[in-house]
Amino acid sequence: MTKTPSVALIKGDGIGIDVAEATIEVVEAAIAATGAPALSYSEIKAGAGYFSQTGHDIEPGGEERAGEADAIFLGAIGMPSIRHDDGTEIAPHLRLRERFGLYAGVRPVKAYPNAPQRLADPQAAGIDLIILRESTEGLFYSAATHNGRGQSITEDAVSDTLMITRPTTEKLHNFAFRLAARRKEKGRGGQVTCVDKANVFASMAFFRKIFDEIAPNYPDIKSGHAYVDAMALNLIRYPWAYDVLVMENMFGDILSDLAGGLVGGMGMASCAEIGDNHGLFQPAHGSAPDIMGQDMANPLAAILSGGLMLDYLAEKTGDEAFEKAATALETAVENGFSVNRLRPMEFGGDMGTKAVTAEVISQISAL
Ligand code: ATP
């Protein structure tokens, strides 16, 4: 018998704990309904709460255990009131991104019926795209979490380095095309757009050059380019025209929030961070201390991230049953919205974390 796939579970802080628990319930329901293999869970204590009790931001050996698991699921980490002595946030998850080289940040942006829609054009109901954000270099190469490497600071000028390397960019663009191919199999667009500023920066021209080298290896997938400023405009004018958008770290940071805003709030923003051998799945929102402990958080961002995890496990283990489980989870959310039985408080509805979770599970059993 093959080994039981394992998930390292970091619930974290605030609403992270509630939405992580909700996600595991839904993932288990999707597995049971589709006959996918059982998962084993290994919980790792980490976060601001753990730090205030122990002085450590993650339990001893926790990073290693996360690395041994087949996937890592994270609720949310951080509390504004709990900081390191130098004022920086408690952020062990950012170390995991570095340690495991999680270069591919996947942020799905999808419109659901009866969920908030910011654009008046009825075609906005068809928004279904992915922002693929490189997550280890780009302009974040010089970030504080990298100890400011590539930075120059004098009294009169400060500069940060935008780093694009060939190995990471090749992996990123290949990831983008493979992702588009998988989406095409499920009836979606089959198109990758390289978003850059190749007309101004040598680093961005290099990013585009590598894209153009790789695109011909995927003849079934359409490819195109756009400058990032034009893309900001187009994402408001006709976001439904796009499928996979691949871009540098800082551009992805900005455009993923813009695109996320088109289809609801933080409670819908799912996220996967994937490297060569590891995948970390988490909602894009934080621990939201203002609503913690009140059964008010929308767990759907986390639950949809659980769907991304099942999809990842399908690819990693080669077991298609996980893909069926992922599809069941996504369809359940879609169906729940269609019949207006998913009404999260985040959108002015009457359903808290537990009620939304129970409804998704009931939609899974109804499939
Ligand atoms: P971080 O810096 O850790 O990402 P943040 O301070 O930017 O966190 P979040 O914790 O993501 O912000 O939340 C911002 C606000 O959005 C929260 O205060 C909360 O009101 C709302 N919010 C975030 N996530 C959810 C959710 N899942 N359900 C409902 N409301 C949410």
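Read the numbers this way: they start at 1 and go in the same order the structure lists the ligands and their atoms. No experiment lies behind these values; they were computed from the predicted model shown.
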Worksheet entry | Within 45° cone of F251 ring axis and under 6.0 Å: R133 NZ or CZ | no
Worksheet item: Given L255 and M247, is the side-chain contact (heavy atoms from CB on, under 4.5 Å) satisfied, shown in steps?
Response: CA-CA 9 Å; L255 289 190; M247 65 199 77; 3.9 Å; yes
Fill in: Residues in contact with ligand 1, criterion: heavy atom under 4.0 Å
I15, M266, G267, H285, G286, S287, A288, D290, I291, A297, N298, E346
Worksheet, complete the sentence: Closest heavy-atom pair, M163 versus T165, reported as atoms and distance to 0.1 Å, is CG-CG2, 3.9 Å
Fill in: Closest non-hydrogen atom pair between V360 and L300, with its separation
CG2-CD2, 3.9 Å
Discussion item. According to ring-ring contact (aromatic ring centres under 6.0 Å, His included), does anything in residues 308-360 pair up with another residue at least two apart or in another chain? List the pairs.
Written reply: Y112-F337, F281-Y312
Discussion item. Here's a test for you: under salt bridge (charged side-chain N to carboxylate O under 4.0 Å, His left out), which of D220, D311, D128 qualifies with R183?
Written reply: D128
